[in-house]
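Presented below is the structure to which this report refers.
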Amino acid sequence: MKNIAVLTSGGDAPGMNACIRAVVRTAVYHGINVFGVERGYQGLIEGLFEPMDSHSVSNIIQRGGTILKTARCKEFEAPKGRRLAFENLQMKKIDGVVAIGGNGTYAGAAKFYEEFGLPIVGAPGTIDNDLYGTDYTIGYDTAINTALDAIDKIRDTADSFDRTFFVEVMGRDAGFIALDVGLAGGAEAILVPELHTELDALIATLQKGWGRKKGSQLVIVAEGDDAGGVFEVVNKIKEKVQALDPRMVVLGHIQRGGSPTARDRVLASRVGAGAVQALTEGKANVAIGIVNDKINLVSLNDAVNMKKPVNEGLLKLAAILST
Ligand code: F6P
């Protein structure tokens, strides 16, 4: 292996820079040339390659976002786009690619490998934590701590007014963020996409709280919940409980920013280094992760198609502890 490329694609996640740094410095350690590709798969198609060295990744381990920029690239979903990407990689004599991203990034990587057989390793960069084959994804720990900080602040004002707040968190189709911040923030209810939401049961929970003269109540709603986002959920509840005067907050993209936590930097460093190692060992078409504190490889297809379950027991625990 002489030349590799590294890119970040899809939603940025805190810790992506730490992962880029690990990829570059591990490659340099092995005497491999590295090219950074700007804007993910879009950059592969447009030929946005820049040689990188140890110095290019100085002072980035603590920075949020991604120095390589990112994009959600429609063109790469079509055979023509992937062919252009392959031709550009061939022109640069690239023998392996590290693609840092989430589900969409992995799906594109799997398709690309299937068509051209160029070794590609996926590194799990998404705040959603929804990738199979790794206990955690890069950015998840930072995102839940950012969300929790906001939720704690919301609790202060909610408590002062004895108010009920509905707070929407990200996660796409997965409830990992909602579940963890809900439990950690002492939420009275947590709505996750993995379980059907019964609004009558939610109303009963809230009424129990009001009956017990509970001060504030917080409901954490995962954006992908089947009852809808916070506004939809509240509208539906208000049809049944007119007296409800809740406040709604959508935490949104603040969950994606900020300096990565120590856990995210360590995870990013380990999987970044591991991805290069995997390429040098001739691995291809795999996603790297950490399971039970050990580097773990699964096929890109499994990482995309297998479902990582949320721990439903935590929902029960959160309900018990918030009564
Ligand atoms: O996948 C990361 C994520 O932040 C999801 O949680 C969210 O649904 C989505 O990206 C938002 O994407 P965009 O930044 O394109 O609006």
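Note that ligands are numbered from 1 as they come in the structure, with each ligand's atoms numbered from 1 the same way. Atoms considered below: every heavy atom in the structure, side chains included; atoms not considered: hydrogens, waters and symmetry mates.
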Scan for ring-ring contact (aromatic ring centres under 6.0 Å, His included) pairs involving residues 35-68, sequence neighbours excluded, and state none if there are none. Tyr41-Phe76
Over 60° means perpendicular and under 30° means parallel, so tell me whether Phe112 and Phe116 are parallel, tilted or perpendicular. tilted
Atom 12 (O) of ligand 1: which protein heavy atom is closest, and how many Å away? Arg72 NH2, 2.9 Å
Which of the numbered atoms in ligand 1 are below 4.0 angstrom from a heavy atom of Met170? 4 (O), 6 (O)
re atom 4 (O) of ligand 1, the protein heavy-atom contact at minimum distance is Arg256 NH1, 2.8 Å
Derivation and outcome, side-chain contact (heavy atoms from CB on, under 4.5 Å), residues Ile288 and Ile295: CA-CA 7 Å; Ile288 192 160; Ile295 288 286; 3.9 Å; yes
Do Arg265 and Ser259 have a side chain donor and acceptor closer than 3.5 Å? yes
Nearest heavy-atom approach of Ser216 to Asp159 is OG-OD1, 2.9 Å
Can you check which of Thr70, Asp128, Val169 brings a heavy atom nearest to atom 6 (O) of ligand 1? Asp128
Can you sort out which atoms of ligand 1 are near Glu223, meaning under 4.0 Å from one of its heavy atoms? 5 (C), 6 (O), 7 (C), 8 (O)
Please tell me whether Ser56 and Asp53 have a donor and an acceptor in their side chains that are separated by less than 3.5 angstrom. yes
Heavy atom of His253, distance to ligand 1 below 4.0 Å: yes
What do you reckon, does Gly171 put a non-hydrogen atom under 4.0 Å from ligand 1? yes
